[in-house]
Amino acid sequence: MRFTADAVKQRIQHRAEIEGRADDANEETIKNRIATYHKQTEPLITYYKNAGKYQEVDGECGGIEDVRKAMFRVFKGIDRKFMERQVVLDDSLLDKVQMLAQESPRLRMNYDLRNSEDDQSQRMLNVMLPGTHTTIHKHNLSSETVMLMRGRMDTVFYNNKGVEMQRIHMGGDTGVFGVNIPKGQWHTFEVFELSIIFMAQDGAWSPLAKENML
């Protein structure tokens with residue numbers, strides 16, 4: 001994925017604005033993240049080019065949907081085995097996404113379970129580590145099903161004023177392993193130990209609007 005430093009900075013600052021993340025609004029933090037990319041990640045470009053396994057997508061070719069389509073065009077041209085096939089959700093897969101999350105500055109990582117770019121649902125694994133921040137938010141167009149596959153966490157419901165109304169303990173010895181969050185319900189997650197959840201919603205993913213975050 002190709003981005004300019006200015007584009008990266010703008011996108012991180014935009015995320016800070018819509019998600020209320022103080023770390024994303026800090027100029028020094030952004031500068032350090034870009035420096036870390038150049039030092040640790042960028043050298044892999046040469047490695048994969050030499051191995052004949054490098055394909056580039058312009059991350060500034062348009063909006064989210066345009067970039068997504070460009071990425072799928074690249075994937076389709078290389079390997080389609082990940083599409084339209086059964087994926088076993090076993091310990092091996094959970095260990096893989098858990099490792100990715102532990103390497104992420106955001107302390108969480110998604111693993112997409114959709115079959116193709118035409119699949120307009122949302123089905124994913126989401127790994128969350130203690131300390132990750134999830135803004136209180138709601139989804140107006142779909143309920144959200146959350147199934148805990150590993151770990152211990154709370155799903156917390158709020159009213160329109162941001163007052164906590166209900167806390168659902170999941171995992172451990174609670175006997176609770178899932179929750180269906182109604183459409184329009186303010187909620188967030190509080191993680192006590194590394195947790196892996198399966199999440200499902202109707203409709204394609206889109207960024208949360210400001211009015212859908214507290």
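All values below were derived from every heavy atom in this structure, side-chain atoms included, with hydrogens, water molecules and symmetry-related copies excluded.
- Residues forming a side-chain contact (heavy atoms from CB on, under 4.5 Å) with F192 (at least two apart in sequence, or on another chain): R152, D154, R167, E190.
- The salt bridge (charged side-chain N to carboxylate O under 4.0 Å, His left out) test applied to E27 returns K9, not counting sequence neighbours.
- M170 and M147 fall into different hydrophobic clusters, where Ile, Leu, Val, Met, Phe, Trp and Tyr side chains are chained together by heavy-atom contacts under 4.5 Å.
- For the atom pair CD1 of I181 and OG1 of T155, the computed distance is 5.5 Å after rounding to the nearest 0.5 Å.
- Taking 4.5 Å as the limit, every side-chain heavy atom of E144 sits out of range of all side-chain heavy atoms of N180.
- With rounding to the nearest 0.5 Å, the separation of CD1 in I12 from NZ in K31 is 13.5 Å.
- Side-chain contact check for V156 versus Q166: every heavy-atom pair is 4.5 Å or farther apart.
- When the side chains of ILVMFWY residues are joined at heavy-atom separations under 4.5 Å, either directly or via intervening members, L89 and L194 end up in a single hydrophobic cluster.
- The ring pair (Phe, Tyr, Trp, His ring centres under 6.0 Å) check on F189 picks up H187, with sequence neighbours excluded.
- In terms of the side-chain hydrogen bond (donor to acceptor under 3.5 Å, both in side chains) criterion, Q10 has no residue partners (sequence neighbours excluded).
- Residues passing the side-chain contact (heavy atoms from CB on, under 4.5 Å) test with L107, sequence neighbours excluded: L129, T132.
- Here the shortest heavy-atom pairing between K138 and Q185 reads CB-O, 3.5 Å.
- In this structure, the side chain of T188 engages the main chain of T134 through a donor-acceptor pair within 3.5 Å.
- The hydrophobic cluster containing M128 also contains V176, counting ILVMFWY residues as joined when their side-chain heavy atoms lie under 4.5 angstrom apart, directly or transitively.
- For D173, the CG atom counts as loosely surrounded, since its 6.0 Å shell holds 12 or fewer non-hydrogen atoms of other residues, nucleotides or ligands.
- Applying the side-chain contact (heavy atoms from CB on, under 4.5 Å) test to P130 and every residue at least two apart in sequence or in another chain returns V191.
- Put simply, the side chain of I196 does not reach to within 4.5 Å of the side chain of N126, judged on heavy atoms.
- Looking at heavy atoms from C-beta onward, Q122 lies out of side-chain contact with M199 at the 4.5 angstrom threshold.
- Atom-to-atom distance recorded for E42:CD and T36:OG1 is 12.5 Å, nearest 0.5 angstrom.
- Under the salt bridge (charged side-chain N to carboxylate O under 4.0 Å, His left out) criterion, R123 pairs with D119, sequence neighbours left out.
- Interatomic distance, CG of N140 versus NZ of K183, reported as 9.0 Å (0.5 Å rounding).
- In terms of the side-chain hydrogen bond (donor to acceptor under 3.5 Å, both in side chains) criterion, N159 has no residue partners (sequence neighbours excluded).
- For the salt bridge (charged side-chain N to carboxylate O under 4.0 Å, His left out) test, no residue two or more places apart in sequence or in another chain qualifies with D202.
- The shortest non-hydrogen separation linking L214 to T135 is O-CG2, 3.6 Å.
- The closest donor-acceptor contact from the side chain of S195 to the backbone of E193 lies under 3.5 Å.
- Atom-to-atom distance recorded for T41:OG1 and K39:NZ is 11.5 Å, nearest 0.5 angstrom.
- Using a 4.5 Å cut-off on side-chain heavy atoms (C-beta onward), V127 and Y111 make no contact.
- Cluster annotation: M124 and M109 are assigned to distinct hydrophobic clusters (Ile/Leu/Val/Met/Phe/Trp/Tyr, side-chain heavy-atom contacts under 4.5 Å, transitive).
- Each ring pair (Phe, Tyr, Trp, His ring centres under 6.0 Å) pair with one or both residues in residues 152-185, not counting sequence neighbours, would appear here, but there are none.
- I197 is not listed as a side-chain neighbour of M149, based on a closest heavy-atom distance of 4.5 Å or more.
- The cluster map of Ile, Leu, Val, Met, Phe, Trp and Tyr, joined by side-chain heavy atoms under 4.5 Å apart, puts L148 and L94 in different clusters.
- Scanning both residues, S143 and Q201, for their nearest heavy atoms gives O-CG, 3.5 Å.
- Listed by chain and number, the residues in a side-chain hydrogen bond (donor to acceptor under 3.5 Å, both in side chains) with D95 are R150 (sequence neighbours excluded).
- Nearest heavy-atom pair, L93 versus V88, reported as atom, atom and distance to 0.1 Å: CD2-O, 3.8 Å.
- Partners of K49 under the side-chain contact (heavy atoms from CB on, under 4.5 Å) rule, at least two apart in sequence or in another chain, are I45, Y54.
- Residues H139 and L141 form no side-chain contact, since every pair of their non-hydrogen atoms from C-beta on lies 4.5 Å or further apart.
- Contact between R114 and D112 at its shortest, heavy atoms only, is NH2-OD2, 2.5 Å.
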